[in-house]
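I'd like to ask you about the structure that follows.
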Amino acid sequence: MMLVNWLISVINRRIMKLLVALALIAYIASVWGTYTNMRSIQEHGETKIEQRIDEAVAPLREKIRDLELSFTQRYPPVKFLSEKDRKRILITGGAGFVGSHLTDKLMMDGHEVTVVDNFFTGRKRNVEHWIGHENFELINHDVVEPLYIEVDQIYHLASPASPPNYMYNPIKTLKTNTIGTLNMLGLAKRVGARLLLASTSEVYGDPEVHPQNEDYWGHVNPIGPRACYDEGKRVAETMCYAYMKQEGVEVRVARIFNTFGSRMHMNDGRVVSNFILQALQGEPLTVYGSGSQTRAFQYVSDLVNGLVSLMNSNVSSPVNLGNPEEHTILEFAQLIKSLVGSRSYIQFLPEAQDDPQRRRPDIRKAKMLLGWEPVLFFVVLTVGSAGGRAEQNYPVLQQRAGTSSQ
Ligand SMILES: NC(=O)c1ccc[n+]([C@@H]2O[C@H](COP(=O)([O-])OP(=O)(O)OC[C@H]3O[C@@H](n4cnc5c(N)ncnc54)[C@H](O)[C@@H]3O)[C@@H](O)[C@H]2O)c1
């Protein structure tokens with residue numbers, strides 16, 4: 001009996017152990033099942049949520065892409081230049097009329113351009129189409145203060161250029177042309193850059209020699225109302241040659257004659273913009289004196305090509321850049337009046353003090369040493385007479401035959 005009891009207890013314990021083990025396995029299996037089930041539900045849910053988010057965000061992403069595309073600046077085409085040929089070029093006064101066209105040319109040629117301007121007469125909008133381009137930088141800076149940057153070439157154009165602007169603050173005009181030029185020459189010396197000075201035909205003053213060649217020393221009233229500009233530029237030239245002789249700085253001096261073209265400031269008081277504005281507004285075209293004083297106007301693209309040719313030449317003495325086609329101021333007034341189709345009349349006012357009577361560049365030096373001459377001229381087209389229409393003369397800007405605009 002004892003043996004039977006012992007056997008039963010042993011069997012019971014084994015069965016119990018087996019039952020406990022089975023229960024444990026069943027429990028683990030059920031926990032595992034629940035866990036994997038929950039995971040798959042969760043994963044499924046997550047995928048669904050992600051899908052929904054994606055669907056909701058897709059149109060927003062599309063909108064952002066559209067906005068980015070619409071804000072992406074499109075620049076004028078720029079040539080590729082190798083590291084060896086690409087120059088770092090500083091243009092002072094680069095936001096002005098001539099400077100902005102020069103900026104366009106040098107940028108499109110593939111150089112790195114830094115424009116420095118205090119926006120006295122220049123405008124940001126003149127160069128805004130380059131803002132953000134990797135080769136372009138615009139610095140708001142007055143050249144009367146020193147500038148520390150690294151460049152290979154400096155086009156020094158900073159200076160007011162029209163009589164009302166340079167007479168507005170004669171002391172500042174003198175400082176810009178003297179201290180400003182000293183600062184730029186100092187920079188050129190420090191970094192070993194070549195400097196081109198934008199000088200002017202005004203260094204010849206009211207000339208006694210006609211046409212004016214580079215050997216003529218000029219006839220300037222040193223205490224007249226134009227002296228701050230004329231003498232400022234004459235001293236600037238003197239400084240260039242002092243730096244060349246004493247410090248070995250490479251200099252180029254362009255004596256620029258009257259220039260016209262787009263981006264001239266309408267209210268800056270230059271004769272071409274004055275006449276155009278007056279003709280458009282139907283106001284009298286104001287001619288100072290008899291109107292028999294002469295000027296010769298070149299188009300800005302011709303000037304820009306001349307400046308770049310001079311900078312890259314080995315000509316260190318001054319060079320005239322201008323159009324030798326000479327007209328009286330009265331002829332210009334009539335030309336612009338007829339171009340605009342205006343009914344304005346021409347009004348004669350008292351002669352301006354120290355106004356040069358004759359102005360025409362002798363450009364033989366530029367032709368011979370740079371192979372440069374202006375290619376754009378005014379010609380008069382006669383249209384009409386056919387079909388009973390009256391003949392009419394239209395002045396248009398035309399390229400000289402057999403030339404290219406470079
Ligand atoms: N346009 C012409 O017919 C003509 C003729 C002869 C010489 N130039 C010379 O060419 C250069 C450019 O003339 P423009 O017609 O383009 O004149 P502009 O007035 O349109 O440009 C001159 C630029 O220089 C900037 N500037 C003036 N003072 C400055 C200063 N202290 N610091 C920094 N920037 C300053 C102005 O803000 C402007 O952007 C001038 O040096 C001018 O004397 C022009």
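Indexing begins at 1, ligand by ligand and atom by atom, following the structure's order.
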Could a heavy atom of H265 be found less than 4.0 Å from some atom of ligand 1?
no
Can you tell me the protein heavy atom closest to atom 32 (N) of ligand 1 and the distance?
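Here the nearest protein heavy atom works out to V143 N, 3.0 Å.
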F260 to ligand 1, any heavy atom closer than 4.0 Å:
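Contact check F260 vs ligand 1: negative.
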How many angstroms lie between atom SG of C228 and atom NZ of K172, to the nearest 0.5 angstrom?
13.0 Å
State plainly whether the residues D354 and R226 are in salt-bridge range, i.e. N to O under 4.0 Å.
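Salt bridge absent between D354 and R226.
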What protein heavy atom sits nearest atom 13 (O) of ligand 1, and how far away is it?
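It is A161 CB, 3.6 Å.
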Using only atom types and a distance under 3.5 Å, with no angle test, would you say the side chain of Y166 pairs donor to acceptor with the backbone of L174?
no
S199: heavy atom below 4.0 Å from ligand 1, yes or no?
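The answer is yes: ligand 1 sits under 4.0 Å from a heavy atom of S199.
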Return the minimal non-hydrogen interatomic distance between A95 and F119, and the atom names on each side.
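Looks like CB-CE2, 3.7 Å.
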Just checking, any donor-acceptor pair under 3.5 angstrom between side chains of S159 and N177?
yes
Out of Q298, H156, R270, whose heavy atom is nearest to atom 1 (N) of ligand 1?
R270
Looking only at distances, can you tell me whether any N or O atom of F120, backbone or side chain, sits closer than 3.5 Å to an N or O atom of ligand 1?
yes
Are side-chain N/O atoms of Y204 and N320 paired as donor and acceptor at under 3.5 Å?
yes
Note: ligand 1 atoms sitting under 4.0 Å from heavy atoms of G122 are 36 (C), 37 (O), 38 (C), 39 (O)
I276 side, atom CD1; K337 side, atom NZ - distance, nearest 0.5 Å:
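The distance works out to 15.0 Å.
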Here the atoms of ligand 1 under 4.0 Å from any heavy atom belonging to F119 are 37 (O)
Please compare A95, G93, S159 and report which has the shortest non-hydrogen distance to atom 27 (C) of ligand 1.
S159
Heavy-atom nearest option to atom 31 (N) of ligand 1, drawn from N165, N126, D142, V300:
D142
Donor-acceptor pair, D302 side chain versus Q298 backbone, under 3.5 Å?
no
Which residue supplies the protein heavy atom nearest to atom 3 (O) of ligand 1, what is that atom called, and how far is it?
T259 N, 3.0 Å
For atom 20 (O) of ligand 1, what's the nearest protein heavy atom and its distance?
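That would be F97 N, 2.9 Å.
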Should the proximity of N258 to ligand 1, defined as any heavy atom under 4.0 Å, be assigned to the side chain, the backbone, both, or neither?
backbone
Looking only at heavy atoms, which two atoms of V78 and W130 are closest? And how far apart?
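Heavy atoms only, the tightest pair is CG2-CZ3, 3.7 Å.
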Identity and separation of the nearest protein heavy atom to atom 43 (O) of ligand 1:
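The closest heavy atom on the protein side is Y229 OH, 2.5 Å.
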With a cutoff of 4.0 Å, is G180 in contact with ligand 1, counting heavy atoms of the residue only?
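So G180 does not count as touching ligand 1.
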Strictly by modelled atom types, are R88 and H111 linked by a side-chain donor-acceptor pair under 3.5 Å?
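The answer is no; no qualifying pair exists.
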Would you say the ring centers of F332 and F297 fall short of 6.0 Å from each other?
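They qualify: ring centres under 6.0 Å apart.
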Among L157, D117, T176, V203, whose heavy atom sits nearest atom 37 (O) of ligand 1?
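Result: the heavy atom closest to atom 37 (O) of ligand 1 is in D117.
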Using the ring of each side chain (for Trp, its six-membered ring), is F260 parallel, tilted or perpendicular to Y299, with breaks at 30° and 60°?
perpendicular
Contact check, T92 vs ligand 1, heavy-atom distance below 4.0 Å
no
CA sep, side-chain torsions, deciding dist, call: L321, R255, side-chain contact (heavy atoms from CB on, under 4.5 Å):
CA-CA 6 Å; L321 294 177; R255 289 188 180 153; over 6 Å; no
Heavy-atom nearest option to atom 19 (O) of ligand 1, drawn from T121, I91, I256, V98:
T121
Contact atoms of ligand 1, heavy-atom distance to G96 under 4.0 Å
20 (O), 21 (O), 38 (C), 39 (O)
Should the proximity of S162 to ligand 1, defined as any heavy atom under 4.0 Å, be assigned to the side chain, the backbone, both, or neither?
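S162 to ligand 1: no contact under 4.0 Å from either part.
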Close-contact set for ligand 1 against H141 heavy atoms, below 4.0 Å
32 (N), 33 (C)
Looking at ligand 1, would K233 count as a contact under a 4.0 Å heavy-atom criterion?
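Yes, that is the case, since the closest heavy atom of the residue is under 4.0 Å from the ligand.
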Check this for me, if you would: do R359 and E326 make a salt bridge, where the nitrogen-to-carboxylate-oxygen distance has to be below 4.0 angstrom?
no
So which protein heavy atom does atom 30 (C) of ligand 1 come closest to, and at what separation?
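Checked against all protein heavy atoms, atom 30 (C) of ligand 1 sits closest to N118 ND2, 3.3 Å.
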